[in-house]
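The structure appears below as structure tokens.
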Amino acid sequence: MIVRFGYVAMSVQLENASPSRTMTMSNFSKLPDREAGLRRLEQLARENLRNTLRLLKHNRYMDVRVYRFSSKLIPLATHPSLSDWDPYAALAEDFAEVGAFVREHGMRVSFHPDHFTVLSTPRQDVFEKSVNDLRHHVKMFELMGLDERAANNIHVGGTYGDKEAAGRRFVEQFQRLEDRIARRMTLENDDKTFTASETLVICERVGVPMVLDLHHHAVNNPSGDQAERLWPRILRTWERRYGTALPPKIHVSSPKSESDPRGHADYVEAGPLIRFLRDVASDTPALDVMIEAKRKDESLFRLLDELRAMEAEGAPLSVTGGASIEVPSSV
DNA sequence: ACCTGTCAAGTCTGG
DNA sequence: CCAGACTTGACAGGT
């Protein structure tokens with residue numbers, strides 16, 4: 001199997017390359033000239049997109065093919081008091097340039113709208129804001145000219161004291177989404193609420209691929225479900241949407257500490273990942289792994305170094321180009 | 001150059 | 001019912 005690694009949003013190696021520069025609404029409100037303020041927001045967005053392109057070039061140089069964009073590329077993009085503002089036209093060229101680079105180098109990209117996007121919510125206003133936010137992320141993919149393999153990953157959401165009802169509400173509200181949103185979505189198991197098996201059932205119901213987060217599964221799995229048992233069904237959620245055009249994706253991170261087991265550590269441990277590849281996914285031909293660690297891309301490179309050392313010790317794997325490894329199949 | 005507080009968002013807990 | 005915690009990178013203001 002081929003396993004490609006990626007990281008999230010920013011680099012700790014590339015200096016002054018934030019893709020998430022912003023302005024708060026309270027500061028925007030203080031500006032004397034609203035129009036000038038909007039131009040300033042667009043300027044910040046342009047800077048974020050330019051830095052995103054720099055990050056992609058860094059990824060290209062380091063042979064990294066998997067990357068998650070910052071969700072904050074356009075500051076205040078979905079803020080209710082700026083609903084009359086259309087930032088997209090002014091930024092179309094910058095988005096197109098980013099998208100062209102992604103296509104040219106065959107990269108896999110995604111967004112992760114933050115956890116305020118909740119489709120399980122019982123509140124109509126929250127649901128509408130969530131749809132707006134998803135539409136915003138889809139719009140950015142469209143401006144980049146990327147096909148449906150570029151997708152938005154979210155969580156099922158809150159449980160509101162009744163997980164069954166919240167799950168049903170998610171499904172019902174998901175079915176009200178426009179196709180262009182629904183067809184670019186993946187769902188991830190949560191570290192507090194919806195477990196891997198609960199998320200999987202919902203994925204199957206609405207026809208959405210499931211991103212398995214190994215760390216979340218380790219800290220939120222009260223019924224002790226084995227990943228081995230869930231994996232074949234998870235694979236089918238990917239095949240159903242993408243056929244063989246896109247490998248399944250998992251998330252990997254390590255607990256910050258014993259007192260904060262859900263927090264993300266600076267780096268990732270190779271052990272749990274290796275065990276997953278060996279015991280669960282060994283027959284899966286291709287897999288993408290998103291590394292979620294405080295030290296971002298550095299943790300990815302450190303993991304690759306560790307894997308290279310394991311290879312040198314005779315472990316059955318080889319580190320190849322494309323920030324990836326090849327693991328012989330068990331069959 | 002560094003430190004502390006603030007900002008966004010929605011959910012959940014404690015009082 | 002309301003205040004605060006949670007999370008995260010970045011900004012603002014003070015030293």
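Letters A, B, ... are given to chains in the order of the sequence lines, protein chains preceding strands, and every chain is numbered from 1. All of these numbers come straight from a predicted model, not from anything done at the bench.
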Contact class for [X] vs. all strands (heavy atom < 4.0 Å): base, sugar-phosphate, or nothing?
X: N27(A); value: sugar-phosphate
X: K294(A); value: sugar-phosphate
X: T121(A); value: sugar-phosphate
X: S130(A); value: nothing
X: S18(A); value: sugar-phosphate

_Parallel, tilted or perpendicular: ring planes of Y7(A) versus Y67(A), cut at 30 and 60 degrees_ =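 Rings of Y7(A) and Y67(A): perpendicular, as their planes differ by over 60°.
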*asked:* Can you tell me how the ring of H58(A) sits relative to the ring of F301(A), calling it parallel under 30°, perpendicular over 60° and tilted otherwise?
replied: perpendicular
Please report the distance, rounded to the nearest Å, between [atom1] in [X] and [atom2] in [N].
X: E292(A); N: dG9(C); atom1: CD; atom2: C1'; result: 16 Å
X: H136(A); N: dA8(B); atom1: NE2; atom2: P; result: 16 Å
X: R262(A); N: dC6(C); atom1: CZ; atom2: P; result: 10 Å
X: L44(A); N: dG9(C); atom1: CG; atom2: C1'; result: 14 Å
X: I154(A); N: dT11(B); atom1: CD1; atom2: P; result: 13 Å
X: M25(A); N: dC11(C); atom1: CE; atom2: P; result: 16 Å
X: L76(A); N: dA10(C); atom1: CG; atom2: P; result: 15 Å
X: M23(A); N: dG13(C); atom1: CE; atom2: P; result: 13 Å

*Do we see a donor-acceptor contact under 3.5 Å between the side chains of S257(A) and D260(A)?*
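Side chains of S257(A) and D260(A): no pair found under 3.5 Å.
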_Side chains of N189(A) and H216(A), donor plus acceptor under 3.5 Å_ =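 No - no donor-acceptor pair under 3.5 Å links their side chains.
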Options [options], nucleotide nearest the side-chain atoms of [X]:
X: T22(A); options: dC7(B), dC12(B), dC11(C); value: dC11(C)
X: S26(A); options: dG10(B), dC7(B), dC12(B); value: dC7(B)
X: T193(A); options: dT11(B), dG9(C), dC12(B); value: dC12(B)
X: T24(A); options: dC11(C), dC7(B), dC12(B); value: dC7(B)

*Using only side-chain N and O atoms of Y160(A), determine if any of them is under 4.0 Å from OP1 or OP2 of dT11(B).*
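Y160(A) to dT11(B) OP1/OP2: side-chain N or O found under 4.0 Å.
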_Tell me whether the side-chain N/O atoms of R21(A) come closer than 4.0 Å to OP1 or OP2 in dC11(C)._
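Affirmative; the distance criterion is met.
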*Compute the centroid of each ring, for F111(A) and then for F141(A), and state whether the two points are separated by less than 6.0 Å.*
yes
*asked:* Taking the nucleotide of DNA chain C with the nearest heavy atom to each, does K192(A) or K296(A) sit closer to the 5' end?
replied: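 The residue whose closest nucleotide sits nearer the 5' end is K192(A).
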